[in-house]
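Numbered from 1 within each chain, the chains take letters A, B, ... in sequence-line order. On a predicted model such as this, the values are computed, not experimentally measured, just so you know.
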Amino acid sequence: MSSPEPVKKKVYRQGDVILEQVDIPRHDLEYYAKLESNKLEIRSENGHSHIMQNIKLYRYYIGQVIVVEEPTPLVHEQHPTLIIEPGVYRIRFVRDWLLRESRPYD
Amino acid sequence: MENQTKYGYIHVGIGLPGVRSYTLALCKTFTSTCLRDYSIRSNVDVYVAKVVDDVFEKFRWNVEELKEPFHTYKSRDRVYLVYRYSDNLYKLIKSIFDLAIFINSYKWTQKNKWNIVNGILAECNDVESCINVIDKRVKEIREYLKKLRKAGKKAFLSRLIRNTIRCRSIIDKYFSDLYNYPIFDAYSVLYDTCMDKAVNILTKFFDQNTARRYSDRICRGNSSIYLFARDSIFGIKTSNTDEYFRLFCDSCVETDKYVTVKLVGAKVFDDEVDRIDWIAVLGLDKYSNQIFLHYVPKTLVFRDAEVCRRWIMGLVDEYGRTIEDIELIEV
């Protein structure tokens, strides 16, 4: 009897915003993370924003994390809308090798 | 002769290969007290100890003077062979160690390694001839490798030129700026001055934080020209040796959502790639009509533009290997 195929993690990209599915139990988020908002809004370099409504945005030790309870659209004026499936996602941005070791300047 | 009275004995420590390093020591005594108050001692790193052991064993059973040591003893899981000191014998043992380290430092197959050792053994009869043969063979191999490296660098240049021509239509259509981009000068022998100049330029295009971080990297870096992309492409010069700098396009991809090209900034000298300065991905998001340029690690030099683009998104590691089995959904 063959073992069931492992479920692939979903990674969504809209412009330079990346949502990466992560395995974080929700009760961990409730206990250890700080709820920041019920809406996600990330401003792009060109002035437009990536927006998601009706989600929970947490500040966790790995960065910002969102919890999506039901299929929710990620909207941007210049990009087609992405429907994000329910799950826990980490918010990431594109990376650059030249900036790999440099620390942010305050 | 002077050394002979000074040292007297050569101790060769054959440890447990791979677990402990390999020791060569010169001492006045032939007993294990040598380990306590040795005169000259050299250790071979653990990672080459196995090769040194194998090569030394080969020579040991082929060279008369190494066959029968004057004395042997065991100390801390290691067998020590003791030979009477002579300049030539010491030189031979050192040469055998160096040969083993040399053949281990290149990605030769086991068969090739032993072909080299067996070739040397076939020609050497005594200590002196062995030293000469090892010396001659190592010189020949070094020369051969030098030619091979040169050929590789030339072949790499041909590849870059060929691929740049292949991607020309995409560059013409989407990134025609690449043929004639403005270059700002931030060159200074002093880091602080270079930083000031670079920050002044980059803050016009990036936020203060990003501009300072980019400036820090480019002023510490070794490349002559770094490229950036905002509304258009521009370069920043951080060295005065930009005459050898050339820009190539090694790979390109066009889909309905984006266009990406993999850029290679390299120093070309004497019709070969002397050094790769940096590798970057230049792209165009067709939806937002925004161009972007991000640097990727040099370890992706032989990977295509798509793998480099995936590195930027954090989906592959520094060697282009997929980190996790994922489903990418993008617009």
Side-chain angles (χ1 to χ4, degrees), chain A residues 3-23 42-52 62-63 68 71-87 89-106, chain B residues 195 199 205-221 223 226-231 256-258 277-281 283 285-300 308-315 318 322-331:
Chain A
S3 56
E5 261 189 45
V7 182
K8 286 183 178 178
K9 279 186 182 176
K10 286 190 167 71
V11 175
Y12 294 93
R13 182 186 72 85
Q14 189 183 57
D16 49 4
V17 172
I18 296 161
L19 298 181
E20 179 192 14
Q21 197 171 19
V22 283
D23 294 324
I42 301 167
R43 216 169 166 77
S44 287
E45 288 166 347
N46 52 15
H48 301 284
S49 296
H50 302 265
I51 297 170
M52 263 180 107
I62 52 167
V68 182
T72 311
L74 173 62
V75 187
H76 188 273
E77 279 181 27
Q78 292 172 312
H79 292 276
T81 299
L82 260 177
I83 302 295
I84 311 295
E85 293 295 317
Y89 298 90
R90 178 184 170 192
I91 302 166
R92 288 202 289 110
F93 299 92
V94 290
R95 57 180 175 172
D96 192 310
W97 182 248
L98 210 58
L99 302 176
R100 70 196 181 280
E101 284 160 8
S102 63
R103 286 176 295 115
Y105 283 79
D106 294 326
Chain B
M195 259 307 267
V199 169
F205 304 96
F206 296 95
D207 61 78
Q208 182 76 7
N209 190 6
T210 313
R212 290 190 73 84
R213 289 166 71 196
Y214 268 131
S215 304
D216 175 56
R217 298 300 304 181
I218 66 174
C219 290
R220 286 178 200 276
S223 177
Y226 288 92
L227 288 193
F228 295 92
R230 294 302 276 176
D231 296 332
D256 52 345
K257 298 170 193 153
Y258 58 84
D277 278 350
W278 48 256
I279 299 170
V281 174
D285 188 325
K286 286 188 176 174
Y287 291 116
S288 60
N289 204 27
Q290 174 103 29
I291 57 168
F292 58 87
L293 190 145
H294 294 288
Y295 288 86
V296 297
K298 286 192 215 175
T299 39
L300 296 176
C308 295
R309 191 182 77 90
R310 283 181 169 247
W311 183 87
I312 290 169
M313 291 192 283
L315 305 178
E318 273 68 28
T322 309
I323 298 168
E324 269 184 302
D325 205 9
I326 54 117
E327 185 186 350
L328 178 64
I329 303 147
E330 57 183 340
V331 286

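Contact annotation for B:Ile218: only side-chain heavy atoms (C-beta onward) come within less than 4.5 Å of a heavy atom of chain A. When heavy atoms are compared at a cutoff of 4.5 Å, B:Asp325 approaches chain A by way of both its backbone and its side chain. For chain A, no part of B:Phe206 is nearby; none of its heavy atoms comes within less than 4.5 Å. Interface residue B:Trp311: backbone and side-chain heavy atoms are both found under 4.5 Å from chain A. For a residue to count as touching a neighbouring chain, one of its non-hydrogen atoms must lie under 4.5 Å from one of that chain's; by this rule B:Phe292 does not touch chain A. With a threshold of 4.5 angstrom between heavy atoms, A:Glu20 approaches chain B through side-chain atoms but not through N, CA, C or O. Only the side chain of A:Arg92 has a heavy atom closer than 4.5 Å to any heavy atom of chain B. In this structure, no portion of B:Arg220 lies under 4.5 Å from any heavy atom of chain A. Interface residue B:Arg309: only side-chain heavy atoms are found under 4.5 Å from chain A. Heavy atoms closer than 4.5 Å to chain A are found in the backbone of B:Val296, but not in its side chain.
Applying the side chain to side chain donor-acceptor pair (under 3.5 Å) test to A:Lys9 and every residue at least two apart in sequence or in another chain returns B:Glu324. Under the ring-ring contact (aromatic ring centres under 6.0 Å, His included) criterion, A:Phe93 pairs with no residue at all, not counting sequence neighbours.
Under 4.0 Å is where a charged nitrogen must lie from a carboxylate oxygen, and between A:Arg13 and B:Glu330 at least one such pair does.
Here the shortest heavy-atom pairing between A:Tyr12 and A:Ile83 reads CE2-O, 3.7 Å.
Partner A:Met52 forms a side-chain contact (heavy atoms from CB on, under 4.5 Å) with one of A:Ile42, A:Val75, A:Leu74 and no other, that one being A:Leu74. With B:Arg310 as reference, B:Leu315 is the one residue of B:Leu315, B:Val281, B:Ile323, B:Thr322 to meet the side-chain contact (heavy atoms from CB on, under 4.5 Å) rule.
For the pair A:Leu82 and A:Ile84, the minimum side-chain heavy-atom distance is below 4.5 Å.
Among A:Gln14, A:Gln21, A:His48, the residue with the largest count of heavy-atom pairs under 4.5 Å with chain B is A:Gln14.
The neighbour count for B:Asp231 CG, taken as heavy atoms of other residues, nucleotides or ligands under 6.0 Å away, does not exceed 12.
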